[in-house]
Amino acid sequence: MVKAVYPGSFDPVTLGHLDVIRRAAKVVDELIIGVLVNSAKKPMFTLEERMELIKEATAEFPNVTVKTFHGLTVEFAKENDAHLIIRGLRAVTDFESEMQIAQTNHSIEPDIDTMFFTTSLEYAFLSSTIVKEVAFYGADISKFVPPGVIRAFEQKKQAINGQQM
Ligand code: ADP
């Protein structure tokens with residue numbers, strides 16, 4: 001029984017994340033997505049919103065669940081009895097920091113390893129940050145995010161407009 005965790009901010013979940021989730025869910029028995037509570041970052045979507053958006057987008061995968069966590073990823077993995085951490089690699093720019101994180105995690109907890117999925121080419125440029133930027137200026141984001149996230153952006157915009165009136 002191979003259990004893995006896939007940690008990240010997912011602010012919001014993109015088709016790039018979902019590509020990694022789809023592929024990882026095929027090679028492990030159970031995949032737990034860990035939505036990070038990071039007090040240093042100010043997210044656009046609340047923890048609950050981020051979780052709900054992932055849940056909706058991954059409903060088709062029976063072996064995928066979504067949880068929140070704070071603190072060390074290796075602790076989250078241990079609490080869930082997982083020995084594998086999943087991460088996605090987009091470009092060489094991801095490589096250096098991801099390697100550093102993976103090696104640090106492995107030295108803290110030698111029983112836990114990191115498995116990387118290289119991004120599918122069509123999502124190589126895609127990040128939550130880019131999506132937030134282009135969505136803010138009204139661009140069509142349907143090629144980048146699942147339908148629930150498009151809806152969530154529209155609701156955010158309406159809420160902001162409502163406050164400005
Ligand atoms: P973090 O704040 O931990 O980087 P993210 O939500 O930005 O969290 O990303 C979580 C993981 O998903 C990271 O391993 C990141 O490299 C990966 N990832 C993000 N976007 C993509 C993408 N377009 N294709 C493949 N992997 C991705």
Side-chain angles (χ1 to χ4, degrees), residues 3-28 30-58 61 64-80 82-106 108-109 112-136 139-150 152-153 156:
K3 258 192 189 185
V5 294
Y6 178 30
S9 311
F10 304 104
D11 183 38
V13 66
T14 68
L15 296 185
H17 294 127
L18 289 168
D19 179 50
V20 171
I21 293 167
R22 181 177 308 110
R23 289 152 65 198
K26 275 192 207 157
V27 298
V28 302
E30 199 180 329
L31 180 65
I32 303 156
I33 301 173
V35 186
L36 182 65
V37 183
N38 185 348
S39 47
K41 279 189 191 171
K42 175 93 185 72
M44 173 175 247
F45 294 96
T46 66
L47 204 55
E48 290 71 27
E49 286 169 336
R50 284 180 276 155
M51 270 188 86
E52 281 312 310
L53 292 171
I54 302 172
K55 277 187 190 164
E56 183 185 326
T58 59
F61 308 115
V64 174
T65 51
V66 190
K67 293 184 179 178
T68 60
F69 78 104
H70 52 86
L72 293 174
T73 302
V74 284
E75 289 302 324
F76 175 61
K78 270 193 342 195
E79 280 161 22
N80 285 283
H83 293 269
L84 206 54
I85 296 169
I86 304 290
R87 294 288 285 176
L89 278 180
R90 278 161 292 193
V92 275
T93 42
D94 274 345
F95 187 79
E96 200 175 335
S97 60
E98 289 294 339
M99 177 116 153
Q100 211 172 23
I101 298 169
Q103 281 169 342
T104 308
N105 284 338
H106 191 63
I108 299 173
E109 205 51 67
I112 297 180
D113 263 303
T114 302
M115 184 188 257
F116 291 103
F117 285 83
T118 50
T119 175
S120 297
L121 269 183
E122 67 256 54
Y123 306 127
F125 62 93
L126 190 54
S127 70
S128 300
T129 308
I130 289 283
V131 168
K132 281 181 280 194
E133 265 178 38
V134 299
F136 181 79
D140 174 14
I141 52 170
S142 58
K143 277 192 196 147
F144 309 141
V145 294
V149 173
I150 300 175
F153 269 116
K156 281 267 171 236

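Residue indices begin at 1 and follow the sequence shown. Both counts, for ligands and for their atoms, begin at 1 and track the order of listing.
Ring pair Phe69/Phe76 is parallel by interplanar angle, where below 30° counts as parallel and above 60° as perpendicular.
Close approach to Phe10 involves these atoms of ligand 1, each under 4.0 Å from a residue heavy atom: 6 (O). Each of the following atoms of ligand 1 lies closer than 4.0 Å to a heavy atom of Gly88: 14 (O), 15 (C), 16 (O), 17 (C), 26 (N). Under a 4.0 Å criterion applied to the non-hydrogen atoms of Val20, ligand 1 contributes the atoms 25 (C), 26 (N). If you number the atoms of ligand 1 from 1 as listed, the ones under 4.0 Å from a heavy atom of Thr119 come out as 24 (N), 25 (C). Residue Arg87 has at least one heavy-atom neighbour below 4.0 Å for each of these atoms of ligand 1: 3 (O), 4 (O), 10 (C), 11 (C), 13 (C), 14 (O).
Taking the six-membered ring where the residue is Trp, the centroids of Phe153 and Phe45 are separated by under 6.0 Å.
Checking Ser120 against Asp19 by side-chain atom types alone, a donor-acceptor pair falls below 3.5 Å.
Sparse packing is recorded around CZ of Phe95, with 12 or fewer heavy atoms of other residues, nucleotides or ligands lying under 6.0 Å away.
Looking from atom 20 (N) of ligand 1 to the surrounding protein, the closest heavy atom is Arg90 NH1, 3.4 Å. Of the protein's non-hydrogen atoms, Ser9 OG, 3.7 Å is the one closest to atom 1 (P) of ligand 1. Atom 17 (C) of ligand 1 has Tyr6 OH, 3.6 Å as its closest protein atom, hydrogens excluded (heavy atom only). In terms of protein heavy-atom proximity, atom 18 (N) of ligand 1 is closest to His17 CD2, 3.9 Å.
Note on Arg87 versus Asp94: no salt bridge recorded, every NZ/NE/NH1/NH2 to OD/OE distance being 4.0 Å or above.
Taking Glu122 as the reference, nothing meets the salt bridge (charged side-chain N to carboxylate O under 4.0 Å, His left out) condition, with sequence neighbours excluded. Residues that satisfy the ring-ring contact (aromatic ring centres under 6.0 Å, His included) test with Tyr123, not counting sequence neighbours, are absent from this structure.
Between Asp11 and ligand 1, no N or O atom pair is found at a separation short of 3.5 Å. Annotation: Tyr123 places an N or O atom under 3.5 Å from an N or O atom of ligand 1; distance criterion only.
When heavy-atom distances to ligand 1 are checked against a 4.0 Å cut-off, Phe117 has no atom that comes that close, whether in backbone or side chain. Residue contacts with ligand 1 for Pro7 involve N, CA, C or O but no side-chain atom from C-beta outward (heavy atoms, distance under 4.0 Å).
Remark: side-chain polar atoms of Arg22 are not paired, donor with acceptor, to backbone N or O of Thr58 under 3.5 angstrom. The closest donor-acceptor contact from the side chain of Arg50 to the backbone of Ser9 lies under 3.5 Å.
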